Amino acid sequence: MSFRKGSSPHRATGNVFFISMLSLSASGAYLALMKHQMNNVFGGVLTFYMVATAWVTVRRKDKDGQTGIFDGVHALLVALAVGIVIVTYGLEKAYSQTAPRDGVPAGMNFFMDSVVLLAAAGDIRMLMRGGISGAQRIARHLWRMCFGLFIASGSFFLGQQQVFPHWLRKTNVLFIPAILPLILLIFWLFRVRFTNAYQGKSMPRGGDVFSLHRLHVIRTPAVRISL
């Protein structure tokens, strides 16, 4: 995040981050499935989906903005499937007369499901518009990468506190790195969408798109030539 967006160091470190996050989220989801920890399975799958779609988004060049198969239909199907499963588990917990077996309240399932549905809505919007470009493309990449990192940081610093010294756990300082990606997400989204920092990079979506209110007709007076 400290490198200039689009620079060579930014792309290089981004690729390393992308490979690391996909490897960890996939292995984490598999291990959680073996241990029947469904909330961790959801977290791993959601992280994989967020990071993968964020990476594919910036692989397109700004000048075409066309919707690919992966980041379009396939991404939408994954998001809807994960969202349905998460909300099903949430409703099961909400209507259960006993405490959740995994110790995770139903509200957490509904929170994660709302994020999945928000991402699915973004996929639908992108499909209907035929692609995205400019500041919208950067914002899509940004919030999905940061939220995937937020899931990972929260799972480690808050979900695995036993690996840290007891004196450190008592200070509650572990909450800072856990929520830092979420704070950075809000900051960068505001900078991208509500300032002029990236507005100049917007390009038309897809093929030849013309807007009537931008069409200016230049009238020139007729010229008579006498011979």
Side-chain angles (χ1 to χ4, degrees), residues 1 13-59 68-94 96 99-124 140-164 174-186:
M1 293 183 181
T13 54
N15 288 334
V16 174
F17 174 80
F18 166 73
I19 296 173
S20 303
M21 289 293 291
L22 289 192
S23 302
L24 292 174
S25 60
S27 59
Y30 174 76
L31 293 175
L33 184 62
M34 295 296 99
K35 296 180 179 181
H36 304 286
Q37 299 174 352
M38 295 308 301
N39 280 284
N40 290 330
V41 174
F42 299 149
V45 173
L46 180 56
T47 302
F48 190 98
Y49 161 79
M50 287 290 190
V51 175
T53 53
W55 185 80
V56 173
T57 298
V58 294
R59 295 297 296 176
I69 296 177
F70 174 78
D71 55 334
V73 178
H74 287 183
L76 175 60
L77 293 177
V78 171
L80 292 177
V82 174
I84 292 173
V85 175
I86 292 178
V87 75
T88 301
Y89 272 81
L91 291 174
E92 181 181 346
K93 292 180 181 179
S96 177
R101 291 176 295 178
D102 54 8
V104 179
M108 180 57 66
N109 288 85
F110 296 140
F111 168 73
M112 298 296 290
D113 187 65
S114 64
V115 175
V116 175
L117 294 180
L118 180 64
D123 293 334
I124 294 174
R140 174 183 168 89
H141 166 75
L142 181 67
W143 91 266
R144 289 171 183 251
M145 279 290 189
C146 287
F147 198 86
L149 180 58
F150 169 66
I151 296 175
S153 62
S155 299
F156 178 67
F157 290 106
L158 300 182
Q160 302 293 329
Q161 295 191 31
Q162 69 276 7
V163 302
F164 297 99
L174 295 176
F175 282 91
I176 297 177
I179 66 173
L180 184 60
L182 192 60
I183 297 174
L184 293 174
L185 185 157
I186 297 172

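This structure is a prediction, so every number in the text was calculated from the model and none was measured.
Under the side-chain contact (heavy atoms from CB on, under 4.5 Å) test applied with Tyr89, the options Val87, Val85, Ile86, Leu91 reduce to a single match, Val85. When the options Leu22, Val56, Ile19 are evaluated for a side-chain contact (heavy atoms from CB on, under 4.5 Å) with Val51, the one that passes is Leu22.
One distance of note links CD1 of Ile176 with CG of Leu180; it measures 9.0 Å at 0.5 Å rounding. With rounding to the nearest 0.5 angstrom, the CG atom of Asn40 is 11.0 Å from the CG atom of Leu33. For the atom pair CD1 of Ile151 and CE of Met21, the computed distance is 7.5 Å after rounding to the nearest 0.5 Å. The structure places CZ of Phe48 at 8.5 Å from OG of Ser23, a figure rounded to the nearest 0.5 Å. For the atom pair CG of Leu174 and CZ of Phe156, the computed distance is 9.0 Å after rounding to the nearest 0.5 Å. Interatomic distance, CG of Leu142 versus OG1 of Thr57, reported as 11.5 Å (0.5 Å rounding).
For Phe164, the CZ atom sits in a packed shell: over 12 heavy atoms of surrounding residues, nucleotides or ligands are nearer than 6.0 Å. Within 6.0 Å of the CE atom in Met38, the count of heavy atoms belonging to other residues, nucleotides or ligands exceeds 12.
Taking both residues in full, the closest heavy atoms of His141 and Trp55 are given as ND1-N, 4.3 Å, listed atom of the first, atom of the second, then distance. Across every non-hydrogen atom of Ala79 and Asp123, the tightest pair is CB-OD2, 4.4 Å. Across Phe18 and Ala52, no two heavy atoms sit closer than the pair CE1-CA, 4.0 Å. Nearest approach of Ala120 to Leu76, heavy atoms of both residues: O-CD1, 3.6 Å. Contact detail for Ala178 and Leu158: the closest heavy-atom pair is CB-CG, 3.7 Å. Residues Thr47 and Gly148 come closest through the heavy atom pair CG2-O, 3.7 Å.
Not counting sequence neighbours, the partners of Ser96 by the side chain to side chain donor-acceptor pair (under 3.5 Å) test are Thr98.
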Derivation of the side-chain contact (heavy atoms from CB on, under 4.5 Å) call for Trp143 and Leu118: CA-CA 11 Å; Trp143 91 266; Leu118 180 64; 4.3 Å; yes
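A heavy-atom distance below 4.5 Å is found between the side chains of Phe17 and Leu149. Residues Thr53 and Arg140 meet the side-chain proximity criterion, which asks for heavy atoms closer than 4.5 Å.
Formation of a donor-acceptor pair under 3.5 Å by the Arg144 side chain with backbone atoms of Ala119 is found in this model.
Taking the centre of each ring, Phe147 and Tyr49 stay at or above the 6.0 Å mark.
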